[in-house]
> 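Sharing a structure, written as structure tokens. Questions coming.
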Amino acid sequence: MSSVLERPARAPADAPPSRVRKVLANKRMLVVTTVLAVLLVYGMITTDGFATLDNGRAILAAVAITGFGALGATIVMLGGNLFSMSASVTAAGAAMVFLAALDYGVVVALVVALLAGAGAYALQGFAIGAWGANPIVVTIGAGSLQAAVATMITNGSSVRVAPEVTSYKFLADTVFGIPAGVYLLAASAVVLHALLTRTVWGRTLYFLGKSPPAAYAAGLPVVLTTVIAFAIAGACTGFAGVVQAASTQSATVNDLATLTFDAIAAAVVGGNAIAGGRGSIPRTLLGVLVIATLSDLLLLRDYSAGVRLLATGLLVIVFVFATSSKEQAR
């Protein structure tokens with residue numbers, strides 16, 4: 001079994017042992033970096049207010065929220081489970097749990113919120129891994145159930161933090177001009193990258209995503225690997241809700257409505273394979289920067305939300321087509 005994990009027959013492009021130089025030299029990374037550079041240059045030249053410190057902080061604040069959701073989407077994708085359609089509701093639920101639990105201290109509130117996200121996703125992972133259920137159907141159903149429970153508990157109203165509670169505010173502060181959420185995202189990304197590239201679980205996840213039949217035939221712990229992957233993804237998604245709640249000081253079930261789409265878009269634009277088995281955390285972070293920059297640029301140019309979604313969707317389609325063409329060429 002160990003030989004299968006350590007030396008798969010055809011290692012994914014970013015499968016361990018992965019080196020930073022190989023990731024940076026990857027052609028897909030170069031393309032995404034070029035797109036990001038073009039957006040930045042275009043914005044600075046043509047759009048008033050784009051090249052300002054305040055706008056830079058606004059982009060980074062969006063990166064922190066979308067980034068956590070995209071980390072979760074990446075983990076789910078790598079295991080060959082497409083993506084979770086319940087990310088927005090799970091993040092909103094974690095945000096409400098976080099604010100409601102702040103009376104017991106920020107540490108307890110943070111732990112409970114992340115456990116709520118991890119638990120919600122882990123149940124989905126079990127259904128998918130153990131029963132072979134369709135990931136899209138399962139996650140849509142799970143999202144509906146979570147929304148229903150949250151609405152019944154709150155009667156559709158928002159959850160707000162008491163004015164005298166301030167222990168959470170460091171999560172919304174800036175450190176050296178950069179939102180605290182960005183530092184948390186960076187630290188989480190480092191940990192996840194290490195888990196994916198330096199652990200047996202990470203190698204198993206890549207192998208499972210690349211060839212599920214081979215993983216089953218090799219006797220690998222498919223169900224456990226899938227449940228752990230979903231639990232980690234749920235915790236990341238919950239963190240997105242926590243960062244959002246710390247900033248707005250309130251939460252409703254309809255908050256972060258576009259997180260599911262933005263997270264999937266960032267993971268795909270970054271070059272992660274939707275079918276699984278190929279991708280990396282650095283790729284995802286680069287995709288997050290592209291999505292956040294594009295959205296900010298269109299917002300400053302006063303385009304509607306519909307146009308922003310359209311532009312993001314077209315960008316995703318282009319990258320999916322390009323990725324699929326390269327895979328077929330191989």
Side-chain angles (χ1 to χ4, degrees), residues 5 8 10-33 35-36 63 66-84 87 121 125 128 135 185-186 188-212 214-215 225-226 228-230 232-234 236-237 260-291 315-330:
L5 293 177
R10 291 187 60 190
D14 290 316
S18 173
R19 299 185 183 279
V20 174
R21 282 184 301 179
K22 290 183 179 180
V23 174
L24 295 177
N26 188 280
K27 292 181 179 179
R28 292 185 183 86
M29 293 282 282
L30 180 60
V31 171
V32 180
T33 302
V35 171
L36 177 60
V63 164
T66 303
F68 276 112
L71 292 182
T74 301
I75 298 298
V76 172
M77 280 186 191
L78 288 178
N81 296 300
L82 300 178
F83 35 76
S84 174
Y121 264 49
I128 294 167
L185 175 65
S188 300
V190 170
V191 172
L192 284 179
H193 185 65
L195 285 174
L196 289 171
T197 59
R198 304 294 181 184
T199 67
V200 172
W201 170 79
R203 290 192 289 269
T204 305
L205 187 69
Y206 272 109
F207 193 80
L208 174 60
K210 190 68 176 179
S211 180
T225 299
T226 303
I228 292 174
F230 269 82
I232 293 174
C236 291
T237 304
T260 298
F261 177 70
D262 290 340
I264 296 170
V268 172
V269 168
N272 298 288
I274 295 179
R278 179 176 52 75
S280 70
I281 298 302
R283 284 184 176 188
T284 296
L285 294 180
L286 195 54
V288 170
L289 285 171
V290 170
I291 296 300
L315 186 64
V316 170
I317 290 173
V318 169
F319 274 90
V320 168
F321 178 78
T323 301
S324 299
S325 298
K326 290 179 180 179
E327 289 298 319
Q328 291 175 1
R330 290 180 181 178

> Does the side chain to side chain contact (heavy atoms under 4.5 Å, CB included) test come out yes or no for Val63 and Leu285, once each step is laid out?
CA-CA 9 Å; Val63 164; Leu285 294 180; over 6 Å; no
> Please identify each residue that fulfils side-chain contact (heavy atoms from CB on, under 4.5 Å) with Leu195, with sequence neighbours left out.
Val191, Leu192, Thr199, Trp201, Ile232
> Where is the tightest heavy-atom contact between Leu36 and Leu289, given as atom of each residue plus distance?
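So the minimum-distance heavy-atom pair works out to CD1-O, 3.8 Å.
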> Side chains of residues 71-83: which donor-acceptor pairs under 3.5 Å do they make with residues two or more places apart or in other chains?
{"from": "Thr74", "atom 1": "OG1", "to": "Ala70", "atom 2": "O", "distance (Å)": "2.8"}
{"from": "Thr74", "atom 1": "OG1", "to": "Thr284", "atom 2": "OG1", "distance (Å)": "2.5"}

> Determine the minimum heavy-atom distance between Ser188 and Phe68, stating which atoms define it.
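Closest approach of Ser188 to Phe68, heavy atoms only: OG-CE2, 3.4 Å.
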> Specify the closest pair of heavy atoms between Gly279 and Tyr206, including all atoms of both residues, with the distance to one decimal.
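Distance-wise, the nearest heavy atoms are O-OH, 2.7 Å.
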> If you compare all heavy atoms of Ala229 against all heavy atoms of Leu205, which two are closest, and at what distance to 0.1 Å?
CB-CD1, 3.8 Å
> Which donor-acceptor pairs under 3.5 Å do side chains of residues 262-271 form with protein atoms, sequence neighbours excluded?
{"from": "Asp262", "atom 1": "OD2", "to": "Thr258", "atom 2": "OG1", "distance (Å)": "3.1"}

> Hey, what do you get for CD1 (Ile291) to CG (Leu286), rounding to the nearest 0.5 Å?
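Separation between the atoms: 10.5 Å.
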> If you take all heavy atoms of Tyr121 and Phe230, which pair is closest and at what distance?
CB-O, 2.9 Å
> Met29 and Arg283: side chain to side chain contact (heavy atoms under 4.5 Å, CB included), yes or no, with the steps?
CA-CA 7 Å; Met29 293 282 282; Arg283 284 184 176 188; 3.3 Å; yes
> So how far is it from Ser280 OG to Asn272 CG, rounded to the nearest 0.5 Å?
6.0 Å
